[in-house]
There are 2 protein chains.
Amino acid sequence: MSQQVQRASCGLDLCAVPEIRSALKAASMNRYEFVCLPLVHSRFKREFFASWKNRPGPFTRPDLTLPSRDWNSFIVAKISPYIDVDSPNEFIRRQSEYALEQELGYAYHLGVPAIMLSLKGLNTSNLARILYSKVLEITQYQVWIHVPMVSFKISASQWRSDYEENGKNVDEMCTWEWWNKFRSLLGFEKKIGIVLEMSTDLPSQEECDRWLGEPIKCLLLSTSTFVTNKKGYPILSKAHQAFVKSLVPLSVQVIIKGHTKHDNLGFYQKYIDHLWQDVQYQNDPLSYFGRGYEDCLQCPLQPLMDNLESHTYEVFEKDPVKYNEYLRAIYYALIDNISSEEKETKILTVMVVGAGRGPLVTAALNAAHRADRKIKVYAIEKNPNAVVTLEAQKEEIWKDSVTVVSIDMRKFDPPEKADILVSELLGSFGDNELSPECLDGAQKFLKKGGISIPQSYTSYICPVQTSKLYNEVRLIKLKDSHILAQFETPYVVLQKNKYIIAKNQALFTFHHPNYDDPIDNTRYKILNFKVEQDCVLHGFSGCFETILYKDISLSIVPETYSQGMFSWFPIFFPISEPVQLKKGNEIELHFWRAVSKTNVWYEWTITKPVPLHIHNPNGRSYKIGL
Amino acid sequence: MSQQVQRASCGLDLCAVPEIRSALKAASMNRYEFVCLPLVHSRFKREFFASWKNRPGPFTRPDLTLPSRDWNSFIVAKISPYIDVDSPNEFIRRQSEYALEQELGYAYHLGVPAIMLSLKGLNTSNLARILYSKVLEITQYQVWIHVPMVSFKISASQWRSDYEENGKNVDEMCTWEWWNKFRSLLGFEKKIGIVLEMSTDLPSQEECDRWLGEPIKCLLLSTSTFVTNKKGYPILSKAHQAFVKSLVPLSVQVIIKGHTKHDNLGFYQKYIDHLWQDVQYQNDPLSYFGRGYEDCLQCPLQPLMDNLESHTYEVFEKDPVKYNEYLRAIYYALIDNISSEEKETKILTVMVVGAGRGPLVTAALNAAHRADRKIKVYAIEKNPNAVVTLEAQKEEIWKDSVTVVSIDMRKFDPPEKADILVSELLGSFGDNELSPECLDGAQKFLKKGGISIPQSYTSYICPVQTSKLYNEVRLIKLKDSHILAQFETPYVVLQKNKYIIAKNQALFTFHHPNYDDPIDNTRYKILNFKVEQDCVLHGFSGCFETILYKDISLSIVPETYSQGMFSWFPIFFPISEPVQLKKGNEIELHFWRAVSKTNVWYEWTITKPVPLHIHNPNGRSYKIGL
C-alpha cells in the first residue's frame with residue numbers, strides 16, 4: 001500500500017526539433033519529464049516516393065547527438081506520419097514497409113523507451129502485422145498508439161459527405177473502432193498503449209467512459225484546448241477537467257502539444273499537476289486505503305479453510321463504517337426485543353460466530369450500553385491465534401459479560417441457545433466465503449424466532465470492458481492446472497481501468513435463519529444486459545449488498561455504496577476470450593452456484609450474443625473449501 | 001494406410017425393452033452391433049412430478065440383467081425424455097436435476113460405452129452445464145446428442161404459427177442452431193458426438209452440407225423413411241441415399257428405429273451395408289490412396305531442409321496423373337522449340353532440378369522419344385541418398401543422355417545453360433515448399449528466353465467449418481513453443497469432416513523465370529468471402545493449381561481437380577478460436593507470405609466479421625527453413 005500522493009508526469013510533443021539538446025533542456029526546466037520527437041526529419045518525405053533508396057548520406061540525426069541515458073529516459077520516438085503500409089497502392093505500400101522497418105530499427109538502436117504512431121482509420125492490418133512481428137516479438141520498447149478522441153474526418157465536412165454519399169460504415173468515423181480493430185489484431189498485447197488526444201468538443205459521456213476501460217498510457221492535450229482564466233493562466237473547461245480527472249486513477253501521463261499561448265510552457269504542466277493533486281486530496285477513505293491496489297488481482301480469501309493473519313484482522317477492523325452499522329443493527333434488535341419495562345430483568349444472549357479478534361463483540365457491548373439493555377455475549381472463533389486476542393480482551397475489558405469459545409461454529413454444542421446470531425462472514429460477492437453454509441450450521445443454536453444479523457445478502461453483477469484486467473489474468477501462470485484455469489477463477493480487485501457495459505443486476509440472495517427442508521444453497525440464474533454502444537466484453541464485475549437488520553444495510557454496489565467503507569473490493573469473473581459487442585446486442589449471462597460435500601464453486605458463461613464455453617465446470621479451476 | 005473395405009456398423013433403437021437379453025440376441029442375429037435402450041422405464045415418469053424421492057424399490061432394472069462385458073460393448077443408454085433441467089419451473093428443474101444425476105450415475109455404474117440424450121430446442125444451458133460437470137470432467141463414456149435434421153416444431157403447424165405470431169427468432173426452429181449453441185457451451189468438447197436423425201423431407205443441400213462439418217457419430221434412420229422396391233426390400237430415395245453416402249467417409253454408424261415394415265429387421269442393415277460398399281468400391285485413386293489418412297493432421301514436408309526417405313519417393317512416384325502431365329508438358333515444349341527441320345541437328349538441354357530418384361528424368365526422355373527430338377538431360381539433386389538411385393538408373397537405363405549432379409541447385413555452377421528447367425518443388429499450398437526461392441536461384445543457369453516447367457502456380461484458399469480438425473489441432477501439445485503454436489501452424493490433411501463455407505479464391509501467384517529486380521517473394525492479399533448460412537469458422541483450407549506449360553496444368557483445387565492425382569492433400573490453416581458466423585456476414589481474410597534471410601512463413605488473420613489476432617507473427621510458431 002503506497003500512500004504517497006502522485007505528481008502528474010508530463011511530456012512535451014515537438015513537431016520539429018532543430019536542436020535536440022536545447023529542446024530537452026527547455027522542457028526539463030519547465031518540469032516536463034520527457035519529449036516526443038520525430039525520429040526522421042520531415043524533409044525526407046519528398047524523397048519517400050522517389051529513389052531515396054540510393055540517396056547518399058544519413059537519413060536522420062546520429063545517435064551521438066545525445067548520450068545513451070538521455071535517449072533511454074527522455075525521448076519518445078515518433079514514426080514519420082506519411083508512412084502508409086496499408087496503402088492500396090502496392091508501390092507506396094512496399095516503400096512504406098521499407099521506411100517503417102528502417103525507423104523501427106533505428107528506434108531500437110537508440111534505445112528509446114517508447115515509439116509513437118498514429119492511427120488514421122480502420123485500415124491498419126498490415127501496420128498491426130509489422131508491429132507484431134518487428135516490435136512486439138523482438139524489441140523491448142513500448143508502442144504508443146496515438147488515437148484522437150474524435151476523428152479528424154468528422155470535422156472535415158468533405159469527408160463526412162463522402163462517407164455518407166458512399167454509404168460507408170459509420171464505424172470508419174469512430175476512433176474507438178480504429179483502436180479496437182487494431183488491438184484485436186495484436187491480440188490485446190500488453191506492450192501496446194494508447195496516447196489519447198483529447199478533442200475540443202468531447203464526445204458523449206458514454207463514449208468518454210468507454211475509453212476508461214482501455215489501456216491509456218498518455219493523454220495528449222493541445223494548448224489550444226486550454227482557455228485563459230482571469231489571472232491569465234491556462235485552465236480547462238469543466239467538462240475537460242472532469243475527463244482529465246477521471247484518468248488520474250489510471251496513472252496516465254500527459255503530453256502537451258502546440259504553441260505556447262500563455263507566456264510560459266511551464267504553466268500547462270503546473271495546471272495539470274494541480275488537477276492531479278485535486279483528485280488525490282479528496283477525502284475518500286476507499287481511495288486512500290486502495291492506493292497501490294488499483295487493478296491488482298488478488299485471490300479471494302478462504303477464511304473457512306485458512307486462518308487469517310493478524311495484519312489482515314488489523315486492516316479490516318479499521319473500517320470506519322462497517323462496525324458502526326453493525327452496532328446500529330444490534331442496537332435496534334435489542335430495542336425491538338427488550339421493551340423498556342423488561343430492561344432490568346431480561347437478558348438476551350448474543351452469539352458472535354466467527355468473532356475474529358472481537359470487533360463485533362465490542363460493537364454488541366457498545367450497542368447494549370447505548371440501548372441500556374442487558375446482554376450476554378458468546379464469542380465463537382475457530383482460529384486459535386485470534387482466540388488469544390479474544391481471551392486477552394475478555395481479561396482486560398469485557399470481563400464476565402463475554403464467554404470466549406475456541407471452536408468451529410459448525411461443531412459448537414452450546415450450553416444455551418442464542419437470541420441473536422451476529423456474524424461477518426461475507427466476501428466481495430456476498431456468499432463467496434460460504435456464509436450460507438456456516439450460518440446454516442450455526443442456526444441450530446439460535447432460538448426459534450431468533451434473529452440473524454445479517455438477515456440477508458444479495459450478490460450483484462455487471463458486464464465490464466477492461467483490457468487491463470484481461471491481460472493481467474491472461475499472464476497468470478498456474479502450474480498443473482487446467483489450461484484455462486486462470487480464466488475460470490474469480491479475483492478480488494479494486495477495478496479502476498474499466499468501462500461498465502451495463503448496470504448491476506441482482507444475482508443470488510440468501511436469508512437467515514433458513515428453515516427450508518432440505519436447505520438448498522445451489523443457485524442458477526439467467527440475467528440479460530443491454531449493450532448501449534460497441535465495446536468489448538472481458539468479464540463480469542461482482543459485488544454485494546447485505547441487510548444487517550431491517551433498514552440497516554451495508555453495500556458495495558455502486559448505486560447504493562456505503563460511503564467510506566473499505567472492507568471489500570469488488571470481485572472480477574473473467575471470460576476466456578474477449579467478445580466483441582455491438583450496440584443493441586444483448587448479453588445473456590448464466591450463473592450457477594454449485595455445492596458438493598466438500599466444496600462450493602461458481603460456474604458461468606454467456607449464451608448471447610455468442611455462446612461461450614461454460615467456465616469452471618465441476619469447479620475444475622476454482623473451488624471454495626467447506 | 002489401411003486399405004480394407006469398411007462394413008457399415010449398425011445399431012437398433014428400442015423404445016421399450018421388456019426382456020433385454022432376448023432383445024440383444026434378436027438384434028445380434030440380424031447383424032446389428034449394438035442397441036440403444038431407455039435407462040429407466042417410462043412408467044417412472046408419472047412418479048417424476050410426485051413424491052418419488054421416497055418411493056420404495058429400485059428405479060430401474062438391476063445391472064445383473066446382463067454380464068458386464070455386454071453392458072460395456074452393446075448398450076447405449078438413453079436418458080429419460082421427460083427430464084427437463086432447463087425448465088423455467090424451478091420445481092421441475094430441481095426434480096429433473098436430481099433425476100438426471102441419478103441416471104448419469106447409473107450409466108456410469110453399468111459401464112455403458114455411451115449415453116444418448118435429445119436436444120429439443122435452444123434452451124439447454126443447464127443441461128450443458130450438468131453434462132460438462134458430471135460427465136465430461138469425470139466419466140469415460142461418450143455423450144451422444146440426438147438432434148433431428150428438421151425440428152419437430154416445424155411439422156407441428158401450431159408451433160409454427162405460435163412462433164410467427166410471437167415474432168420469435170427463427171433460430172429456435174433450426175436444429176443446427178440447437179446443436180451449435182449446445183456444443184459451444186461445452187467448449188467444442190471432443191467426447192460429444194451427434195446422433196443425427198434423418199428427416200423424411202431433407203432440408204436444403206446447403207443445410208445438409210453444413211452437417212458434414214460436424215462430429216456426427218451416428219445417423220438415426222426411422223424405418224418409415226424407407227420405401228419398398230419391386231422385390232419388396234426396403235430402400236431409400238435417391239436424395240436420402242446421397243446424404244447417407246456423403247457420411248460414409250466420416251465413419252459414422254447407423255441406428256435404425258421404428259417398427260419393422262419389411263418382414264425382416266435384417267433387411268435394413270443389409271441395405272445400409274450395401275450403400276457403404278457402393279461408396280467404397282468407386283474407382284477413385286485418391287480415396288483409395290487416402291484411406292486411413294482422413295482428417296489426420298500431418299506437418300508439411302520441408303524437403304529443402306530435410307532429405308526425403310525412400311518410401312516417400314516411392315509413394316509419390318506412383319501417381320497416375322502427375323508424371324504423365326509433366327511428360328506432355330515437356331513434349332509440347334520440345335515440339336515448340338525444335339521445328340521438324342531442326343530435329344536431327346538441334347539438341348536441347350533439359351535440367352531437372354530436384355530430380356529425386358528420377359521420375360522427371362524418365363518423363364523428359366520419354367517425351368523426347370515420343371516427340372522424336374534430341375535432348376541432353378542434367379539430373380540435379382541435393383539428397384545424396386537419392387543420387388545413388390539416379391546413378392544406378394543412368395548406368396542401367398539412361399546411359400550417356402543423362403548427367404547426374406549431386407549438389408544443391410542453388411550452388412550449382414553448370415558447364416552450360418539450360419533451354420528447359422523442369423522441377424517438382426510444389427507443396428500442397430503451391431509455394432509452401434519454397435519453390436519460388438529455389439527456382440529464383442536455379443534460373444541463373446537457364447538461357448535467356450528459356451522455359452521453366454512449371455511456368456507458374458497459384459495458391460487457393462477457402463473458409464471451412466470443421467469441429468473435428470479444430471479439436472485435433474487443439475489437442476496437439478508442443479513443448480517449449482508459444483502457447484498458441486498449434487493454432488499458428490498449417491497442417492497437410494485429407495479433409496473429410498468439413499463444411500466449405502465459401503468457394504476457393506486465388507491467393508498468391510508466382511511465375512518462372514522471374515526477371516524482376518529485385519525479386520520480391522513476399523506477398524500480402526486481402527480476400528472477402530460471403531457467408532451463405534449460419535455456421536462456425538474453424539480455419540482455412542488451402543490448395544493450389546500450377547500451369548506446367550501453356551494449357552497443361554495440375555490442380556488440387558476442387559473445381560479444377562486433376563482427376564485421379566493423389567500427390568497432394570490440401571493444407572489447413574487453423575484459427576485459435578472458433579468464430580460464430582451469421583448468414584450474410586463477410587469474412588475478410590488477410591494473408592501474408594513473409595521472407596527473411598533464413599526463413600519463409602505465413603501470417604494470417606481475419607478482420608471481419610470480428611477481428612482476430614494475427615496468427616504466427618514473425619513466424620513465432622512455424623517457419624520454413626531456406
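Residue numbering restarts at 1 for every chain, and letters A, B, ... go by the order of the sequence lines.
Using a 4.5 Å cut-off between heavy atoms, B:N126 touches chain A through backbone and side chain atoms alike. The part of B:L612 that comes within reach of chain A is its backbone (N, CA, C, O), which places non-hydrogen atoms under 4.5 angstrom from that chain. Neither the backbone nor the side chain of B:N123 comes within less than 4.5 Å of any heavy atom in chain A. Residue B:T605 touches chain A through its side chain alone, counting heavy-atom pairs closer than 4.5 Å. Using a 4.5 Å cut-off between heavy atoms, B:R93 contacts chain A through its side chain alone, with no backbone atom that close. For B:I606, the part sitting under 4.5 Å from any heavy atom of chain A is the backbone (N, CA, C, O) and nothing else. For a residue to count as touching a neighbouring chain, one of its non-hydrogen atoms must lie under 4.5 Å from one of that chain's; by this rule A:T522 touches chain B with backbone and side chain alike.
In this view, B:K583 and B:D534 satisfy the side-chain contact (heavy atoms from CB on, under 4.5 Å) rule, not counting sequence neighbours. Looking at residues two or more places apart in sequence or on another chain, you find no ring-ring contact (aromatic ring centres under 6.0 Å, His included) involving B:F508.
Taking both residues in full, the closest heavy atoms of A:Y132 and B:P617 are given as CG-CB, 3.6 Å, listed atom of the first, atom of the second, then distance. Scanning both residues, B:Q580 and A:P611, for their nearest heavy atoms gives NE2-CG, 4.0 Å. When all heavy atoms of A:N618 and B:S133 are compared, the closest pair comes out as N-OG, 2.7 Å.
Heavy-atom pairs under 4.5 Å with chain A were tallied for B:L186, B:T607, B:V610, B:N616; the largest tally goes to B:T607. Between chain B and the options A:S125, A:S576, A:A594, A:A128, the largest number of non-hydrogen pairs under 4.5 Å is found for A:S125.
Annotation for B:I476: atom CD1 counts as buried by contact number, over 12 foreign heavy atoms lying within 6.0 Å.
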